[in-house]
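Read through the structure below, which is laid out as structure tokens, and then see the notes.
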Amino acid sequence: LKTKSMVAEFALAVALAVARGPAPFTASAWERVNGLACTPPMPLSETGANILMIGDSISMGSSGYSLFVQNFVQTATNGTLAASIQHGGGFGNGGQMASSANGAEKVKDCMGNATGTLKPDAWSVITYNAGLHDCDTREFVNATNYRQNLHDVFETLKPAASAVFFVTTTPYDMPLVNGVPPYPAGINMSCVLEYNVIARDVAAEAGIMVIDLYDYVEEFCSVFPKDPASSGYGGNYTTCSIQTTGLHFFTRAPQPSGQQYTGLAIASSALLHVPESQISNATIEAPPDLTTPPLGDCGDGPAPLSTKLPNVLIIGDSISEPGSGYGPGVEMILENPQLQGTGAIASVQHNGASGSNQAGPTTNGAACAASWVGADNQWDVITVNFGIHDCAPGGDGRPNGTIVPLDQYTSNLQKIFSVLHDHLAPGGTILWVSTTPVGTGAEAPFAGKGPPGWTSLGQCIQDYNAAAAKLLAGTPNVEILDLHSAVSDVCGATYDECNLQLWSNVHFTTAGKQFCAVQVAAAVAPKLGPAWLRISNATSP
């Protein structure tokens, strides 16, 4: 049972941790209790998507990622992308689910089904994690019981949500001390590795999807120093910018926000499985300005690059540009986590700076790429997309019925990428973002207006996406974010209209722009590990 003293102890521990910033974390007595009850959820939304996260201090309120997910998914969109985001037991002290022991009973309370009357699929998405506490030498749950507990939890959760995820248990920094590995909060890292394997197996057997938060953290932290001697104990990196000393991610500025970082992995996966019908099409922004500048009008050059943060450049058309696109959402997520004094993950700019931000077709990109990156700049990540303007008949000053031919499109991309490669910082990445799909309602104005062999705007986009992927496959320092597939996962392989997009329009609603922003930011963030290692080394005494 939770006592007032235990609650007070945990609240004080969190308050002191927040005040101190990065510090070793010691589990409170309350965290070590296996049989915690879970406070029932707040009333669910009847008009929009409901997302529930269940877990321990890696996900709960002040120490975890859940409030951050709520902020950039629910609050930032005024509830249009997800109407209600909750953490099991609340965002505060009641949200600590500890180990998997009694897990099935605890999650019944967390999701509001203690009486067995919860409607099927009442929740849009539920994510669940247990693992750190199971590996705690003071709460230890053996492998056989852990496997059975997860099976029971998954079978309990499945009827309650349209989609259920297991979130893998996160790694932690592990320097040896006099040849002996540390056990933060009594937790053995080799147990974490073993139990993640078990969890993946049980999830596969139960038909439960997995968000691999372990690998997402490792992708960022793997470039940081390692202690080879710790490998026999399951150890890896000895320090990492997004993680405090010990288990947690409540870093403080000037370190990047580990809570925002881990939240991106959760949100980007969860949003792919929110039913489209539960997303609001409401949008408050003015219709996008579709005017394309003349060829060679590149807007302004970039602002001076940050010396304290990694630098990210977004190159794209009105799907990403400020006003009509997702660029400002990426900037908000990576530059301004907004909660608890946490630090920015990166500095973000869009091509054209304070001038025209419209990249237009690849013909314009080939003419402007050098201007957009800046003569002497080196970027840590550059995201780039071209496609809709190349495929639109008669657009961008071309004669009616003409598009940018496919061979010219790929030739232009080669020229663009050659320039971008020359302006990557050491360890930098170019992220090709595939062109987003269009519904048949948005295709209608272009019907019958293309050149011979051109069937539709949507088919042209798919063909050009495939050509770009083939061109860039295996190219050093280039990775692909398939935003086309991400949108299609929600809207459908073919569709007339979709709540992520404005009616009969290629552009996105408030919810749709933030959906795209989350996908892009989640793809960019892991690529910033080399830059943060460089920054950390430069600021070390």
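All values below were derived from every heavy atom in this structure, side-chain atoms included, with hydrogens, water molecules and symmetry-related copies excluded.
- Using a 3.5 Å distance cut-off with no hydrogens or angles, the side chains of Gln96 and Asp56 do not pair a donor with an acceptor.
- Gln86 places a side-chain N or O within donor-acceptor distance of the main-chain N or O of Met42, the cut-off being under 3.5 Å.
- Residues Gly263 and Val69 share a closest heavy-atom pair of O-CG2, 3.5 Å.
- Between the Arg252 side chain and the Gln340 main chain, a donor and an acceptor come within less than 3.5 Å of each other.
- Annotation: Tyr172 is not in aromatic contact with His248 [ring centroid separation under 6.0 Å not met].
- A donor atom on one side chain and an acceptor atom on the other are not found under 3.5 Å apart for Ser268 and Gln519.
- Heavy-atom minimum distance, Tyr326 versus Val433: OH-CG1, 4.0 Å.
- For Ala511, the side-chain contact (heavy atoms from CB on, under 4.5 Å) partners at least two apart in sequence or on another chain are Thr80, Leu81, Ile279, Thr509.
- What you find for Phe249 and Ile242 is that their closest heavy atoms are CD2-O, 3.4 Å.
- Within the 3.5 Å criterion, the main-chain N or O of Ser62 finds a donor-acceptor partner in the side chain of Gln259.
- At a cut-off of 3.5 Å, with distance as the only test, no side-chain donor of Gln349 or Asn311 sits close to an acceptor on the other residue.
- Of the possible donor and acceptor atoms, none in the side chain of Glu497 sits under 3.5 Å from a partner among the backbone N and O of Gly441.
- Under the rule for a disulfide (SG to SG under 2.5 Å), Cys516 has no partner lying at least two apart in sequence or in another chain.
- Annotation for Asn78: atom CG does not count as buried by contact number, only 12 or fewer foreign heavy atoms lying within 6.0 Å.
- Every residue two or more places apart in sequence or in another chain that forms a side-chain contact (heavy atoms from CB on, under 4.5 Å) with Ala161 is listed here: Trp123, Ile126, Val164.
- Within the 6.0 Å centre-distance limit, the rings of Tyr261 and Tyr216 are counted as a close aromatic pair.
- Between the side chains of Asp482 and Ser434, at least one donor N or O sits under 3.5 Å from an acceptor N or O.
- Under the 3.5 Å distance criterion, with hydrogens and angles disregarded, no donor-acceptor pair is assigned to the side chains of Asn385 and Ser320.
- When only modelled atom types and interatomic distance are considered, Tyr237 and Glu218 share no side-chain donor-acceptor pair under 3.5 Å.
- No donor-acceptor pair closer than 3.5 Å links the side chain of Asn196 to the backbone N or O of Thr168.
- For the pair Trp379 (side chain) and Val373 (backbone), a donor-acceptor distance under 3.5 Å is present.
- Under a 3.5 Å cut-off, the side chain of Glu335 and the backbone N or O of Val348 do form a donor-acceptor pair.
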